[in-house]
Structures are given as structure tokens and as C-alpha cells.
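Take a look at the structure below.
As the structure lists them, so they are numbered: ligands from 1, and atoms in each ligand from 1. Just so it is clear, the structure is predicted and the values come from calculations on it, not from any experiment.
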Amino acid sequence: MTIEVWRGDITTLDVDAIVNAANSSLLGGGGVDGAIHRAAGGELIHECRLLGGCKTGEAKITQGYKLPAKFIIHTVGPVWNGGVLGEDALLASCYQRSLEVAVQHRIRSIAFPAISTGIYGFPPERAARIAVQTVTAFLEKNASLERVVLVAFDEPTEGLYRAVLENCHLLELE
Ligand code: AR6
């Protein structure tokens with residue numbers, strides 16, 4: 001199985017689950033979080049209120065409501081602080097925990113936004129490497145996932161993902 005890269009609005013994707021780059025309140029916000037809440041409709045916030053928030057690096061699941069996706073996995077990325085507060089490990093944990101929650105719910109296809117690289121200020125290339133490494137390592141040990149899509153909202157992010165994935169393949173060949 002290979003990781004796919006796709007550019008566009010994650011809320012339109014017909015996959016079992018999309019991942020939301022949320023904040024610890026899980027009560028909505030800007031960026032992709034705002035887009036997901038708008039597209040899913042008002043019922044989502046009611047279910048989110050029952051979850052009691054979410055810690056950075058953790059993940060919680062809800063229904064997808066009006067989205068094509070059946071589920072939303074809400075994860076909370078780290079705010080970039082120069083890299084001295086364990087941001088790399090926390091971002092890796094977002095991908096890892098989201099994938100674990102997906103497998104627990106028998107999800108076979110999942111799409112991720114570029115967690116933390118917007119409002120939370122994580123350097124995009126560093127984030128792309130962590131995303132690809134963490135997803136690749138997870139897929140090597142879990143056969144139940146059939147499709148993982150890394151969603152880029154803009155062209156530079158798409159280019160970063162493609163370059164990082166290309167490097168992975170080159171490393172494998174060495
Ligand atoms: N589809 C796919 N990707 C998107 C979309 C979309 N519709 N909209 C934005 N992106 P951000 P963060 C990309 O800021 O950095 C919220 O207020 C965007 O270009 O959404 O983790 C939360 O409530 C960027 O590449 O999330 C938190 O408070 C990526 O999604 C805070 O922002 C992540 O950008 C989380 O900040």
C-alpha cells in the first residue's frame with residue numbers, strides 16, 4: 001500500500017474518516033477545523049461537547065454527520081515553539097494515535113490535513129517528514145488500512161509531500 005497525496009478541501013473526500021486538526025477544547029475554530037465543522041453541520045458540536053476536550057498528541061472520534069466521510073478523528077497538534085517543547089514527538093503522536101483510533105473502528109481509508117502547519121506554526125517541511133515517517137512505520141505493522149491520503153491545501157504543501165515521499169523511496173533503494 002502506498003501513501004497518496006491529494007490537493008484540495010479535505011471535507012469533500014469520500015473516505016471512511018477524515019482527521020481534524022483541532023484544538024484541545026474540541027469546540028471548533030478556524031482553518032481546517034472551521035471548514036470541517038461547517039461542512040459536517042451543527043450536530044457535530046453537540047457530540048464534541050460530550051468528549052471533554054482532548055490533550056495535545058491525542059485523538060478522539062465522532063460521527064461525520066453531513067460529510068461524505070463516516071467519521072471524524074479529532075487530534076490536537078502542538079503549537080510550534082522553536083522545537084524545544086517536544087513538538088516533533090507530539091506531532092508524530094497525532095498521526096500515530098489517529099491511526100490507532102482508526103484501526104480500532106475498522107476504518108479502512110483515512111485522510112489527514114497537514115496538522116499544526118497553519119495557525120499552530122509548525123515548519124511545513126519538518127511536519128511533512130514526520131507525517132510520512134509516522135504513517136509509513138504504522139502501515140508496515142498494520143495491514144487493515146487500505147488507503148491513507150495526505151491532503152495538501154496548497155501547492156507548496158503538495159510539493160513537499162511529494163518530495164518527502166520520493167526521498168523515502170530513494171532511501172529504500174539504497
Ligand atoms: N482542507 C484541507 N486542508 C486545509 C483546509 C481544508 N479545508 N483548510 C485549511 N487547511 P490549521 P493547525 C490546511 O490552521 O495549524 C484551528 O483554529 C492549512 O492550509 O487548520 O493545526 C483549530 O481550532 C494547513 O496546511 O490547523 C486550532 O485552534 C493545515 O490545514 C488551530 O487552528 C492545518 O492548518 C490548529 O492549528
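Interface of Thr117 with ligand 1, defined as ligand atoms under 4.0 Å from a residue heavy atom, comprises 15 (O), 24 (C), 25 (O), 29 (C). Within the listing of ligand 1, atoms 22 (C), 23 (O) sit less than 4.0 angstrom from a heavy atom of Asp33. Within ligand 1, counting atoms from 1 as listed, the ones closer than 4.0 Å to a heavy atom of Gly30 are 16 (C), 17 (O). Distances below 4.0 Å separate heavy atoms of Gly8 from the following atoms of ligand 1: 1 (N), 2 (C). Counting atoms of ligand 1 from 1 in the listed order, those under 4.0 Å from a heavy atom of Ala21 are 21 (O), 22 (C), 26 (O), 35 (C). Each of the following atoms of ligand 1 lies closer than 4.0 Å to a heavy atom of Ala35: 7 (N).
No donor-acceptor pair closer than 3.5 Å links the side chain of Thr75 to the backbone N or O of Ala59. Side-chain atoms of Asn23 come within 3.5 Å of backbone N or O of Gly28 as a donor-acceptor pair. Using modelled atom types, no side-chain atom of Thr157 and backbone atom of Phe153 make a donor-acceptor pair closer than 3.5 Å.
Between the choices Ile119, Ile115, Val151, the shortest heavy-atom distance to atom 14 (O) of ligand 1 belongs to Ile119.
Residue pairs that meet the ring pair (Phe, Tyr, Trp, His ring centres under 6.0 Å) test with at least one member in residues 18-68, sequence neighbours left out, do not exist here.
Below 3.5 Å of separation, one finds an N or O of Asn23 facing an N or O of ligand 1. Between Ser116 and ligand 1, at least one N/O pair is under 3.5 Å apart. Residue Pro113 places no N or O, backbone or side chain, under 3.5 Å from any N or O of ligand 1.
When hydrogens are left out, the protein atom nearest atom 7 (N) of ligand 1 is Asp9 OD1, 2.9 Å; that is the closest non-hydrogen contact. Summary of contacts: the protein heavy atom closest to atom 31 (C) of ligand 1 is Tyr120 CE2, 3.5 Å. Annotation: atom 15 (O) of ligand 1 to nearest protein heavy atom, Gly118 N, 2.9 Å. Summary of contacts: the protein heavy atom closest to atom 33 (C) of ligand 1 is Ala114 O, 3.2 Å. Closest to atom 18 (C) of ligand 1, if we only count protein heavy atoms, is Phe153 CB, 4.3 Å.
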Worksheet item: How far apart are the C-alpha atoms of Val15 and Ile110, what are their side-chain angles, what is the distance that settles it, and do they pass the side-chain contact (heavy atoms from CB on, under 4.5 Å) test?
Response: CA-CA 6 Å; Val15 284; Ile110 184 169; over 6 Å; no
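Under the 6.0 Å cut-off for aromatic ring centres, Phe138 and Tyr95 do not qualify, their centroids lying 6.0 Å or more apart.
Partners of Arg38 by side chain to side chain contact (heavy atoms under 4.5 Å, CB included), not counting sequence neighbours, listed by chain and number: Ala35.
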